[in-house]
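Take a look at the structure below.
A quick note: this is a predicted structure, and the numbers were derived from the prediction, not measured. Residue numbers start from 1 in every chain, and the chains themselves are labelled A, B, ... in the order their sequence lines are given, proteins ahead of strands.
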Protein chains: 2
Amino acid sequence: MVRDAELLAKDSIGRRSDAVAEALMRMIQAGDLQEGDRLPAERDLMLRYGVSRSAVREAILALANRGLLLTRLGHRPIVCKPDYEIAIDRVGNLVGHLVVERNGVWNLFESRIFFEAALARWAASHAKRDDIEELRGALEANRLAIGHSLPFDETDAAFHAVLYRIPGNPIYPAVHKAYVEWLVQHWRSMKRGADIDRMNHAGHEAIFEAIAARDPDGAEEALRRHLVAAWEFVRSTFASDRRGRGQSPLGEA
Amino acid sequence: MVRDAELLAKDSIGRRSDAVAEALMRMIQAGDLQEGDRLPAERDLMLRYGVSRSAVREAILALANRGLLLTRLGHRPIVCKPDYEIAIDRVGNLVGHLVVERNGVWNLFESRIFFEAALARWAASHAKRDDIEELRGALEANRLAIGHSLPFDETDAAFHAVLYRIPGNPIYPAVHKAYVEWLVQHWRSMKRGADIDRMNHAGHEAIFEAIAARDPDGAEEALRRHLVAAWEFVRSTFASDRRGRGQSPLGEA
DNA sequence: GGCTGGCGTTTGGTCCGACCATATGTTAGC
DNA sequence: GCTAACATATGGTCGGACCAAACGCCAGCC
């Protein structure tokens, strides 16, 4: 029994469960608990730290809420080092609350336009030949899916995903995934025809052409046009949230 | 007693506490519980929903972890609608885990350079006269703080903050706050002289001049130079995390 | 011998009742 | 009228009990 060695500081002022959670977090960060390892059982921990099971449970719950642990009934909790996607996932439910407020969805979408415009510019300046080919492939797949809503949406997202992947920073694909998840709810259940698909595909094509032509300004403008058009088409689906005031994503030009 | 009306679905499959949490969340989202309102007492809720106090507590804890409730000992929990800052705050502790891994800090900083470069470009294209004046004021305050580490850092952050504020999207200032919080730990306790301050101020000045001159390309390049220089100066402070492979933020030019 | 089924063990999920610590409101005493 | 002690409300902790899902072991069957 390592009880004495791992005793909690008795003078800690906060909740016991916080102290336990911190102790566990230190163990994880220090590497005593590797990713995939199973945590000691609740009843063991309560002996080890000299607290009740309630405190242990609340600590485990807190870490699970932060994505550091994965709990299943009947299983010991599993240590689960979070990646950027999980990190953004955790904040996802909060975003759900934020977007209900005035302009919430627009703010979110505007940030996407802003970020993605910068990505398009970057791609036009720095994309390697392989990147361009990948983009071309995604564009072609998108073209073939015209008229089939579900596959079109998937290839649509895949095309944009390439843009997020090109800079090589693992944070960006996670951001993209977050945008897709948070925004997709707002144009679900939309009946649309192949003409809309064609419009979007044309937008993708213009973006691709500008990037392939190494034209940053053109790439950014094409992307802004594409996303703004998509927004204009879709914003009728939620009457409660309008663009309202705010600068146009296309600028004053 | 409204017990019957608010009974939980008995056929719910997950944990009881999750069901309670969801019920509370719906009440918050529906506006039955306004921001600042106090939640019913735990003992009331356990009667209302017909579950034990443990379940109620775990539900409250989960919502508190997500930032929807603010709990104090002896007080009833207070409903606390999260803003973007809180949302990003919640994900903050996770980032602490992420940056310890290889290139973690660099990935984070690179994303900041990327985002802020786009902000500089935007400012050069769209900043209003008031925005420019605000930027000029921040620059001047920064100049006056040269040689005084703490005030200089503050005015430094304030200068950059103006860039995040100019587009008018409330998400961006929250992102800036997050960057500052996450990255500041990595160049804390750095002894530096006024010459370093002068270098950073010169960087700010170059950014301001380009924005004031309505030169997007120049603004972006000045900002990249400034941040990359700051990075190069600071990265010696943590030997375990290097830039490693990855494209230069200045491009191949 | 190998697969399969059942049974006991482990372990998380829930409940109950009690007590403690802190904050607030109330009242008795000066 | 002000202050201090008391009562009340409320979250935090505890210990024990039981339930349900998952796992592991072992016997029995093909």
Of B:Ser54 and B:Pro77, the one whose nearest nucleotide on DNA chain D sits closer to the 5' end is B:Pro77
5'-most contact on DNA chain D (nearest-nucleotide basis), A:Leu73 vs A:Arg43, goes to A:Arg43
note: A:Asp44, atom CG; C:dT10, atom P; distance rounded to Å ~ 11 Å
note: B:Leu45, atom CG; C:dT14, atom C1'; distance rounded to Å ~ 17 Å
Which of C:dT14, C:dG13, C:dT24 is nearest the side chain of B:Ser52? It is C:dT14
From NE2 of B:His75 across to C1' of D:dT8 the rounded distance in Å is 15 Å
Hits for ring pair (Phe, Tyr, Trp, His ring centres under 6.0 Å) against A:His176, two or more places apart or cross-chain, chain-then-number order -> A:Tyr164
Separation of C:dG13 atom P from A:Leu69 atom CG, nearest Å, is 11 Å
So CZ of A:Arg76 and CG of A:Asp44: to nearest 0.5 Å the spacing works out to 7.0 Å
Against the side chain of A:Thr71, the closest entry in C:dG13, D:dT10, C:dT11 is C:dG13
Assign A:Arg72 to base, sugar-phosphate, or nothing according to its heavy-atom contacts below 4.0 angstrom with the strands shown. sugar-phosphate
query = Between B:Phe115 and A:Phe114, what is the ring plane arrangement, given parallel below 30°, perpendicular above 60°, and tilted in between?
reply = perpendicular
SB check A:Arg165 A:Glu134 (cutoff 4.0 Å):
yes
note: A:Asp18, atom CG; D:dG12, atom P; distance rounded to Å ~ 10 Å
From the candidates C:dT14, D:dG11, C:dC15, the one with an atom nearest any side-chain atom of B:Ser17 is C:dT14
note: A:Glu58, atom CD; C:dG12, atom P; distance rounded to Å ~ 16 Å
Separation of D:dG11 atom P from B:Ile78 atom CD1, nearest Å, is 11 Å
Closest to the side chain of B:Arg16, out of D:dT10, D:dT13, C:dC15, is C:dC15
*Reckon B:Arg53 touches a base, only the sugar-phosphate, or nothing at all at heavy-atom distances under 4.0 Å?*
base
Atom CD of B:Glu42 and atom C1' of D:dG12 are separated, to the nearest Å, by 8 Å
Salt bridge or not between A:Glu58 and B:Arg57? Use side-chain N to carboxylate O under 4.0 Å.
yes
